[in-house]
*Asks:* 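My questions will all concern the structure given below.
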Amino acid sequence: MTASTRPPVVRIAPSPTGDPHVGTAYIALFNYAFAKQQGGSFILRIEDTDQARSTRQSEAMILESLRWLGIQWDEGPDIGGPSAPYRQSERLDIYRRHVADLVAAGEAYWCTCTAERLDGVRKEQTARKENPGYDGHCRFRDPAAVRAEIDAGTPGVVRLKVPRGANDPKAGADAASHDVKVAFVDRLRGSVEFHTREIDDQVLQKSDGFPTYHLANVVDDHLMGVSHVLRGEEWISSTPKHILLYAAFGWEAPEFAHLPLLRNADKSKVSKRKNPVSLRWFRECGYLPDAMVNFLGMMAFTFADGREIFSLSDFVQHFTLDRVSLGGPVFDLKKLLWLNGRYLREKRSDDEVVAYLKAQLFNDGYLRSIVKIAKERFEKSDDFIAYAPWFFTASPYVEAGGDGSDLLVKGRTKKETLAILESLVERVDVAFDFSEERVKALLELWCADHGMTPKEAFMPVRLLLSGKKATPGLPESMAVLGRERVRTRIRAVLPLIQKLPEAPKADASKADAPKADAPKADAPGTSPKADDPKAVGEPKPPTSTTAPRA
RNA sequence: GUCCCCAUCGUCUAGAGGCCCAGGACAUUGCCCUUUCACGGCAAUGACGGGGGUUCGAAUCCCCCUGGGGACGCCA
C-alpha cells in the first residue's frame, strides 16, 4: 500500500441543512488531527446535494463555527484548492459524466419506477418478512425501452447494479451461483463483511439530476485524493455500497475508520430533542472554543500519559487511531461545564475574562437592543438590572422559583400545554431568521394553529423566558434574547410541566402537603441553586436528569 | 424484523494474560481552608452485564446469551 507512505488526505463533508452540529465538529476535529499530525491535508467539502434542505446560510454557519473552534481546513469552498469546486452542487457535470460511464459500463442502470410502485414493493416485502429494498424491476427490463421512457420525459433515477447471488430474493438472470459478499477493513475494528443480499440497488442519481450522497461522496473522495475516511459509525452499513462503487469505477478505495457516535444520556445518537447540539448554542452560552475542543477530543480518545487538559495542538501532536475507544460516549454537559470553568480560571487572565464577558453579555449590540425595548421602563442604571436580569441569566424562570404550575395556557390541560409549547420550540428551531417581525409572525401563526389568542398564550411564554410577569413586548423580547436562548428556555421548562400533578386546579391549593414529585420551589435567595454563580450564564440544558421523556 | 457495530464506576475512561480484591477525571457525599459563596486540598461511595470455555493464571483471548446503538430513503 503506497497510500500509507504518503501524507494523508482527509475531509469533513457536512451537509448544510440547519444548525452547525456538534457532531460535525467532533468528526472534523479527529480528521484534522489525523491529517495535521502526519503533515497531511484536511479538506472541507459541502455536501449540498439535497436541494430542498440545503441553504447557504447553514453553510456559512458551519464554516464560522469550525473557524471559531480553530479547526482550519486546507481546501474548501471559501478558499478554493486544487480540487475545486468544493460544493457538490457546483460539481453536477462531474457526477453526470461518471454516472454515464457507469451506465455505459453496465455497472448502473436507469430506473423509472414511481414512488408509488416502490412503496408497494416495500410493503409486500415487509409483509413477506423480507428486507425492504428495490426489487430490480428496471434492472431486468430492456435497457432500450427504459431509455426511451427517459427520452420521452419520464422522470427517472440511475441505480447501482449490486452483484447478486442466486439465493438473493432480488436476484435476476445476472446472479452469480454463489453467495456474494463485500468486505472492507475498518481501521478501528478490523474486517467487516456484508452479504450483497442486504444491499439495495442504491440510487446514484436522483430524478432531479443531482447525485445522491453515495455517488457524490465516492466520486469526490477519489477525485480529491482522499486517502482516509474518518466518519461517524452511522456510515458503517453504507460502506459496502461505497466499496462496490469504487470497484465499479475501477478505483482503489480509501481506508476507513468509523468513529463512535456522540450519545444522549439515554445512549441514543445525540439529538437536539435531548441535548443542545448547535455549535452556535455553545458559543452563545459562553462555552470557550478551546474548552470545547478539549472536551470533544476527550470523547473517544485518551492521551497515553493520562492528561485530560489539552490544547488543539497537543491533540494534533498526540492523536493516534490506536487510542480511539469504541464505546459511544455520552455527551455529558456537566463535564464540559467543569472544563469550561477550568479554562476560564486557569487559561484566561482577568483582562481576558473581562473581554469575554463584554463579548458574551455586555457587548454594545446586545445592550443596545435591550435598551431599545426597555428604555421607557426604568429610571436609573441599577433599576435596569432589577428590571431585566433575565437578559443576562440562564434560567430566570427556575431562579425565580417557578415550578411550572403557572405555565399552563389558560383553559388548556397540562398535556395540551406541553404539546403547544413543543410546537413552539419546533418552530423556533427552524426560525433561522429571528428578527422581531419574523418572531411576531411565528407567534401569530402558532397562536392561530392552536386556536389561542395572544392574550392566552403569551403570558406563559413570557414567564418561562423571563421569570417575570412584566416585560417588554414578547416578540421583541424574544428577538433580543435570540433563538438559542429562547429555545433552550422553552425546552428547560417542559420537564417541569411534565412533573406537574395530572389535573391541576387553575389555582392549586397552597396546602402544606404538596406532591412529593413537585420540584423544590424555594423563594429566590433561599434556594441553594438560586444564588449559585455557576448557574449564571449557564442555561439549564435538558440533561439526563431533567430531559423530557421522548 | 433483518444486517452491522459496541459492551469496565451514574458519566468520560485507564487497562493490550499475572503489576488489578481494577487506576484517574466529572458528578455525588463528608471533612479541611474560609466572615459567606466559590476556588483549592483531603477522603468516601461507586464498575469489569451473564454463562461457558482456553490457560497454572482472564477485565484482558474464544463461543453463546443478554443489553445498548446504528443502518435498512430519489436525507446526508
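Both backbone and side-chain heavy atoms feed into the values below; hydrogens, waters and symmetry mates do not. Order of the sequence lines sets the chain letters (A, B, ...), proteins ahead of strands, with each chain counted from 1.
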*Asks:* The side chain of A:Met298 is closest to which nucleotide in this list: B:G68, B:C12, B:A76?
*Replies:*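 Ranking B:G68, B:C12, B:A76 by closest atom to the A:Met298 side chain puts B:C12 first.
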*Asks:* Using whole Å, report how far CG of A:Leu188 lies from P of B:A16.
*Replies:* 19 Å
*Asks:* Using both distances under 3.5 Å as the test, list the Watson-Crick or G-U wobble partner of B:G73, or none.
*Replies:*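 Answer to the pairing question: none, since B:G73 forms no Watson-Crick or G-U pair.
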*Asks:* With a 4.5 Å heavy-atom cut-off, do A:Pro77 and A:Leu44 have their side chains touching?
*Replies:*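 A side-chain contact under 4.5 Å exists here.
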*Asks:* Say you pick atom P in B:A22 and the same atom in B:C31; how far apart are they, in whole Å?
*Replies:*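 The answer is 27 Å between these two P atoms.
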*Asks:* Using modelled atom types only, decide if a donor and an acceptor are shared between the side chain of A:Arg159 and the backbone of A:Asp201 within a distance under 3.5 Å.
*Replies:* yes
*Asks:* When you measure from the side chain of A:Lys267, which nucleotide among B:A14, B:G68, B:C75 comes out closest?
*Replies:*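 Output: B:G68.
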*Asks:* Do A:Asp332 and A:Lys334 sit within salt-bridge range, that is, some charged N less than 4.0 Å from a carboxylate O?
*Replies:*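 Looking at A:Lys334 together with A:Asp332, the answer is no, because their closest N to O distance does not fall below 4.0 Å.
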*Asks:* Report which part of the nucleic acid A:Thr17 touches: base, sugar-phosphate, or nothing (heavy-atom distance under 4.0 Å, all strands).
*Replies:*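 No contact.
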*Asks:* When the P atoms of B:G68 and B:G24 are compared, how many Å lie between them, rounded to an integer?
*Replies:* 31 Å
*Asks:* Does a donor on one side chain sit under 3.5 Å from an acceptor on the other, for A:Asp351 and A:Ser349?
*Replies:*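 No, because no side-chain N or O of A:Asp351 sits under 3.5 Å from a partner of the opposite role on A:Ser349.
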*Asks:* Grab the CG-C1' distance between A:Leu262 and B:G69 for me, whole Å please.
*Replies:* 13 Å
*Asks:* So what does A:Arg122 touch, heavy atoms closer than 4.0 Å: a base, only the sugar-phosphate, or nothing?
*Replies:* sugar-phosphate
*Asks:* Can you tell me which nucleotide in B:A76, B:C12, B:U13 comes closest to the side chain of A:Glu308?
*Replies:* B:C12
*Asks:* If the P atom of B:U45 is compared with that of B:C6, how far apart are they to the nearest Å?
*Replies:* 34 Å
*Asks:* Write down the distance separating the C1' atoms in B:U60 and B:C20, rounded off to the nearest Å.
*Replies:* 11 Å
*Asks:* Between B:C5, B:G40, B:U11, spot the one nearest the side chain of A:Arg345, thanks.
*Replies:* B:G40
*Asks:* Per the atom types in the model, does the base of B:C74 pair as donor or acceptor with the side chain of A:Ser207 at under 3.5 Å?
*Replies:*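 Such a pair is found, so the answer is yes.
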*Asks:* Take atom CG in A:Asp350; do more than 12 heavy atoms of anything else shown fall under 6.0 Å from it?
*Replies:* no
*Asks:* By the 4.0 Å heavy-atom rule, please label A:Gly328 as base, sugar-phosphate, or nothing.
*Replies:* sugar-phosphate
*Asks:* I want to verify a distance call: between B:U13, B:A71, B:C6, whose nearest atom is closest to the A:Ser237 side chain?
*Replies:*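 Ranking B:U13, B:A71, B:C6 by closest atom to the A:Ser237 side chain puts B:A71 first.
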*Asks:* Kindly say if A:Arg307 contacts the phosphate of B:G24, meaning a side-chain N or O under 4.0 Å from OP1 or OP2.
*Replies:* no
*Asks:* When we call it a touch if two heavy atoms are under 4.0 Å apart, what does A:Leu339 touch: a base, just sugar-phosphate, or nothing?
*Replies:*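 Counting heavy atoms under 4.0 Å across all strands, no contact is made by A:Leu339.
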*Asks:* Is it true that A:Glu149 and A:Arg147 have a side-chain N and a carboxylate O under 4.0 angstrom from each other?
*Replies:*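 Result for this pair is no, no salt bridge flagged.
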*Asks:* Paired with B:U29 by Watson-Crick or G-U wobble geometry, both distances under 3.5 Å: which nucleotide is it?
*Replies:*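 Checking every strand shown, B:U29 finds its partner in B:A43, with both distances under 3.5 Å.
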*Asks:* Which nucleotide in the set B:C74, B:A27, B:C12 lies at the smallest distance from any side-chain heavy atom of A:Lys334?
*Replies:* B:A27
*Asks:* B:U13, OP1 or OP2 - any side-chain N/O from A:Thr302 closer than 4.0 Å?
*Replies:* no
*Asks:* Would you say a side-chain N or O of A:Arg323 is under 4.0 Å from OP1 or OP2 of B:G15?
*Replies:* yes
*Asks:* Could you tell me whether A:Ala115 contacts a base, only the sugar-phosphate backbone, or nothing, with contacts defined as non-hydrogen atoms closer than 4.0 Å?
*Replies:* nothing
*Asks:* If you go through the side-chain atoms of A:Lys335, does one of them form a donor-acceptor pair with the base of B:A25 closer than 3.5 Å?
*Replies:* yes
*Asks:* Measure the distance from CD1 on A:Ile62 to C1' on B:A76 and round it to the nearest whole Å.
*Replies:*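 Between C1' of B:A76 and CD1 of A:Ile62: 11 Å.
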*Asks:* Report the nucleotide, chosen from B:G68, B:C6, B:A27, that has the shortest atom-to-atom distance to any side-chain atom of A:Arg263.
*Replies:* B:G68
*Asks:* Salt bridge check, A:Asp50 against A:Arg53: does any charged N sit closer than 4.0 Å to a carboxylate O?
*Replies:*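 Salt bridge between A:Arg53 and A:Asp50, a charged N being under 4.0 Å from a carboxylate O: yes.
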*Asks:* Calculate the interatomic distance between A:His214 atom NE2 and B:A76 atom C1'; express it in whole Å.
*Replies:*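 Those two atoms, NE2 and C1', are 8 Å apart.
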*Asks:* Quick check: A:Phe295 with A:Tyr287 (ring centres under 6.0 Å apart)?
*Replies:* no
*Asks:* Write down the partner of B:A16 under the Watson-Crick or G-U wobble criteria, each distance required to be under 3.5 Å.
*Replies:* none
*Asks:* Side chain of A:Thr49 only, please: which of B:A76, B:C26, B:C5 is the nearest?
*Replies:* B:A76
*Asks:* A:Glu47 near the nucleic acid: base, sugar-phosphate alone, or nothing, with a heavy-atom cut-off under 4.0 Å?
*Replies:* sugar-phosphate
*Asks:* Partner lookup for B:C9, please. Criteria are Watson-Crick or G-U wobble with both distances under 3.5 angstrom; report none if nothing qualifies.
*Replies:*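 Across all strands, not a single nucleotide pairs with B:C9.
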*Asks:* Could you tell me how far B:A43 sits from B:A7 if I compare only their P atoms? Round to whole Å.
*Replies:*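 Straight-line distance between the two P atoms is 32 Å.
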*Asks:* Taking only the side-chain heavy atoms of A:Ala300 (C-beta and beyond), determine which of B:C74, B:U13, B:G69 contains the nearest atom.
*Replies:* B:U13
*Asks:* Answer with base, sugar-phosphate or nothing: what part of the nucleic acid does A:Val157 contact at a heavy-atom distance below 4.0 Å?
*Replies:*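 A:Val157: base contact, heavy atoms under 4.0 Å.
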*Asks:* Could you measure between the two P atoms, the one in B:C48 and the one in B:C9, and give it in whole Å?
*Replies:*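 Pairwise P distance, B:C48 against B:C9, rounds to 7 Å.
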*Asks:* For the pair made of CD1 in A:Ile199 and P in B:U2, what is the distance, rounded to whole Å?
*Replies:* 18 Å
*Asks:* Measuring only the C1' atom in each nucleotide, how far is B:A71 from B:U29? A whole number of Å is fine.
*Replies:* 43 Å
*Asks:* Taking atom types as modelled, is there a side-chain donor on A:Gln125 or A:Asn131 under 3.5 Å from an acceptor on the other?
*Replies:* no
*Asks:* Examine B:C75: is either OP1 or OP2 under 4.0 Å from a nitrogen or oxygen in the side chain of A:Lys206? Give yes or no.
*Replies:*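 True: A:Lys206 side-chain N/O within range (under 4.0 Å) of B:C75 OP1/OP2.
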*Asks:* Write down the distance separating the P atoms in B:G53 and B:A59, rounded off to the nearest Å.
*Replies:*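 Per the computed distance, 15 Å lies between those P atoms.
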*Asks:* Less than 6.0 angstrom separating the ring centers of A:Phe34 and A:Phe42, yes or no?
*Replies:*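 Ring-ring flag for A:Phe34/A:Phe42: false, centres at least 6.0 Å apart.
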*Asks:* Suppose we define a pair by two distances each less than 3.5 Å, Watson-Crick or G-U wobble; what does B:G57 pair with here?
*Replies:*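 B:G57 is paired with nothing.
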*Asks:* Starting from the 5' end of RNA chain B, give me the residue, A:Ser268 or A:Glu130, whose nearest nucleotide shows up first.
*Replies:*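 Looking at the nearest nucleotide for each, A:Glu130 comes out on the 5' side.
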*Asks:* Using whole Å, report how far CD of A:Glu234 lies from P of B:C6.
*Replies:* 16 Å
*Asks:* Should B:A38 form a Watson-Crick or G-U wobble pair with both distances under 3.5 Å, which nucleotide is its partner?
*Replies:* none
*Asks:* Quick one: A:Arg53 CZ to B:G73 P, roughly how many Å, whole number?
*Replies:* 15 Å
*Asks:* Over how many whole Å does the gap from A:Leu326 atom CG to B:C4 atom C1' extend?
*Replies:* 14 Å
*Asks:* Output yes when at least one side-chain N/O atom of A:Lys269 is less than 4.0 Å from OP1 or OP2 of B:A71, else no.
*Replies:*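 The answer is yes; a side-chain N or O of A:Lys269 sits under 4.0 Å from OP1 or OP2.
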*Asks:* Which sits closer to the 5' end of RNA chain B, A:Phe301 or A:Pro155, going by the nucleotide each is nearest to?
*Replies:* A:Phe301
*Asks:* Starting the side chain at C-beta, find the nucleotide from B:C3, B:U11, B:A27 nearest to A:Glu198.
*Replies:* B:C3
